[in-house]
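These figures come from a predicted structure and were not determined experimentally. Along the sequence shown, residues are numbered consecutively beginning with 1.
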Amino acid sequence: MTPEVSSSGPTTLDDLPANGFHSKLALISAGGPFCDGYILGIIGIALPSIVRELHLTGAETGLVGTAALLGVLAGGMLGGTVSDHLGRRPLFTLNIAAFVVFSLLQGACSGLVLLVTLRFLLGVAVGADYPIATSYVAEFMPRKLRGPVLSGLILAWWVGYTASYAVGYGLSFFPDISWRIMLVSSAIPSIVLFCLRMGLPESPRWLVQQGRTEDARNVIREHLKADILPSVEYQRHLSLLQIIRSPYRGALVFVSAFWILQSAPGFAIHTLQAQLLHQYHVQNALLGSLCITGLTILGILPVTLGLINLMGRRLLLIGTFAISMLGLLLLGVSTTPASWMIFSGFILYSVSEAAGSGLQFVYPNELFPTAIRASAVGMACSFSRLGAALGTFLLPLGYTQFGMQPMMLIAASFMLAGLLISWIWAPETKNASLGEPPSQTQPPSSSICAS
């Protein structure tokens with residue numbers, strides 16, 4: 001028998017107590033970012049072998065590194081729009097099937113063109129998962145869990161990213177195992193996730209927006225053990241161009257700006273970490289990159305465990321930009337930095353950047369209503385990946401032409417820009433209800449800044 005909620009009990013999805021379904025959903029949803037991180041990370045550990053075997057130039061190296069990011073750009077736009085039209089559930093499973101297929105096909109790569117094509121297609125699937133999975137999670141989670149769980153998806157991304165480095169490093173001890181096997185290995189977690197995601201329900205908030213109130217009520221009764229319905233939100237579906245022209249354009253500018261400024265240097269540095277350490281003449285750069293990447297979890301883990309609610313979104317974003325800038329300045333102050341400066345700078349940057357990245361799924365899902373949430377998240381994600389792709393493509397060209405010191409100082413300037421934008425624009429959303437009408441969605445002239 002389905003329990004009824006008394007008049008004194010929770011009346012909204014935001015206020016429901018957590019139950020087993022919330023935990024199950026959080027864990028299964030985290031599988032997507034884990035696979036995303038693994039897919040995007042494994043190329044970094046395989047890249048030195050790819051460069052040697054295929055005799056890649058600096059530009060070709062950048063192209064291999066950025067192919068998946070360009071795919072994410074397209075996938076974010078596509079996945080978000082389709083998810084707002086057709087629902088969260090269908091693509092929540094189908095895009096993981098694409099992970100499996102394209103991961104396996106990498107084993108047949110014979111040259112640069114096929115490798116870049118498959119990495120691009122994998123990126124499309126990865127990009128589609130960001131707005132689908134994060135919107136799906138946000139629309140089920142109660143208010144107190146939303147921030148930690150959404151930042152937990154970023155933690156899962158970093159765990160997957162670190163796991164790819166660990167697997168790649170382990171496989172590097174076996175000379176007969178090629179980089180193709182490293183890339184194909186992403187199919188294993190993808191197959192497991194595909195099986196786990198089958199059979200999950202549709203988002204009740206999305207169902208209500210489509211007028212399917214009885215279906216929404218059944219989902220809430222069966223999985224959340226309550227007899228309530230989310231209210232119909234005032235905002236109807238908008239096209240991507242209409243979102244840009246709507247009152248939500250300010251929120252879109254803010255989210256896209258901080259996400260771009262985090263991702264442009266972040267993806268470049270993490271993807272090329274081994275090469276960067278080699279440029280600094282570090283012995284065993286592969287092992288060094290694995291250690292630095294593994295330590296990034298120290299940044300995002302406290303955020304997931306509740307720091308995001310304790311500090312709030314705004315202060316966390318400002319603080320992580322400031323600390324990331326200090327780490328990069330440490331790398332850029334000298335043309336020949338000592339070993340302790342190199343590792344301290346990269347670790348300080350990586351740990352703080354990972355903590356700040358915990359907001360990449362939180363802010364966009366909390367600032368936009370259900371009807372356009374996935375589309376807006378997808379747009380912001382796509383804009384950020386354009387910056388990340390440019391950064392990853394240009395960094396190897398830059399340090400070859402100008403050296404490491406100026407490139408680290410340029411990356412530090414991105415952190416300074418992010419710090420200033422966050423100080424001026426960042427709102428506080430930790431106590432907001434999902435789907436509330438916008439109160440702070442414009443740039444400074446229209447008061448997006450927090451009071």
Hey, are the side chains of Arg146 and Val362 touching, using non-hydrogen atoms and a 4.5 Å cut-off?
-> no

Will you find, in the side chains of Ser83 and Trp206, an N or O donor that is under 3.5 Å from an N or O acceptor?
-> no

Is a salt bridge present between Glu53 and Arg180, judged by a nitrogen-to-oxygen distance below 4.0 Å?
-> yes

Do Tyr161 and Phe34 have their ring centres less than 6.0 Å from each other?
-> no

Which pair of non-hydrogen atoms, one from Gly107 and one from Val184, has the smallest distance, and what is that distance?
-> N-CG2, 3.2 Å

Can we say Glu202 and Arg88 salt-bridge, meaning some charged N sits less than 4.0 Å from an Asp/Glu carboxylate O?
-> no

Is it true that the side chains of Gln262 and Gln360 contain a donor and an acceptor less than 3.5 Å apart?
-> yes

side-chain contact (heavy atoms from CB on, under 4.5 Å) between Ile39 and Phe102: does it pass, once the steps are laid out?
-> CA-CA 10 Å; Ile39 288 167; Phe102 296 131; over 6 Å; no

Least distance between heavy atoms, Gly76 atom then Pro131 atom = O-CG, 3.8 Å

Salt-bridge test for Asp227 and Arg217: reply yes if a basic N is under 4.0 Å from a carboxylate O, no otherwise.
-> yes

With the side chain counted from C-beta on, respond yes when Leu224 and Phe140 share a heavy-atom pair under 4.5 Å apart, and no when they do not.
-> yes

Compare all side-chain heavy atoms of Met141 with those of Leu25 and state whether any distance is below 4.5 angstrom.
-> yes

List the steps, then state whether side-chain contact (heavy atoms from CB on, under 4.5 Å) holds for Ser151 with Phe361.
-> CA-CA 7 Å; Ser151 63; Phe361 291 162; over 6 Å; no

Is any side-chain heavy atom of Ile220 less than 4.5 Å from a side-chain heavy atom of Leu13?
-> yes

Approximate separation, where rounding is to 0.5 Å, of Thr304 OG1 and Leu155 CG | 4.5 Å

Smallest separation among heavy atoms of Asn95 and Ala125, with atom names = ND2-O, 3.3 Å

Evaluate the side-chain contact (heavy atoms from CB on, under 4.5 Å) criterion for residues Ser382 and Val72: first the C-alpha distance (whole Å), next the side-chain angles of each, then the deciding distance (0.1 Å), finally the verdict.
-> CA-CA 6 Å; Ser382 294; Val72 172; over 6 Å; no

Under 3.5 Å, is there a donor-acceptor pair between the side chain of Thr93 and the main chain of Pro90?
-> no

Is the shortest heavy-atom distance from the side chain of Leu183 to the side chain of Leu115 under 4.5 Å?
-> yes

Please check if any side-chain donor atom of Ser324 sits under 3.5 Å from a side-chain acceptor atom of Ser352, or the reverse.
-> yes

What pair of heavy atoms forms the shortest contact from Tyr130 to Cys381, and how long is it?
-> CD1-SG, 3.0 Å

For atom CZ of Phe383, is the number of surrounding heavy atoms from other residues, nucleotides or ligands below 6.0 Å larger than 12?
-> yes

Where do Ile96 and Asp129 come nearest, in terms of heavy atoms and distance?
-> CD1-OD1, 4.1 Å

Quick check: does any side chain N or O of Glu428 sit under 3.5 Å from a backbone N or O of Arg314, one acting as donor and the other as acceptor?
-> yes

Run the side-chain contact (heavy atoms from CB on, under 4.5 Å) check on Met415 and Leu419 step by step: do they pass?
-> CA-CA 6 Å; Met415 299 300 99; Leu419 173 62; over 6 Å; no

Taking side chain as C-beta onward, heavy atoms only, is Leu171 less than 4.5 Å from Trp179?
-> no

Give the intermediate values and the outcome of salt bridge (Lys or Arg N to Asp or Glu O under 4.0 Å) for residues Asp15 and Arg143.
-> CA-CA 6 Å; Asp15 300 317; Arg143 183 187 291 109; 2.8 Å; yes

Aromatic ring centroids of Phe254 and Tyr363 under 6.0 Å?
-> yes

In short, Val377 meets Ser135 closest at the heavy-atom pair CG2-OG, 4.5 Å

How about Glu60 and Leu112: do any of their side-chain heavy atoms sit closer than 4.5 Å?
-> yes

Are Phe99 and Phe194 close enough that their ring centers fall under 6.0 Å?
-> no

Would you verify whether the NZ or CZ of Arg197 falls within 45 degrees of the ring axis of Phe92 while also being under 6.0 Å from that six-membered ring's centre?
-> yes

Pair Glu366 + Lys430: basic N to acidic O under 4.0 Å = no

Thr134 versus Pro364: any side-chain heavy-atom pair under 4.5 Å?
-> no

Using 4.0 Å as the upper bound for N to carboxylate O, is an ion pair formed by Arg205 and Asp14?
-> yes

Distance-only donor-acceptor check, side chains Tyr38 and Trp157, under 3.5 Å = no

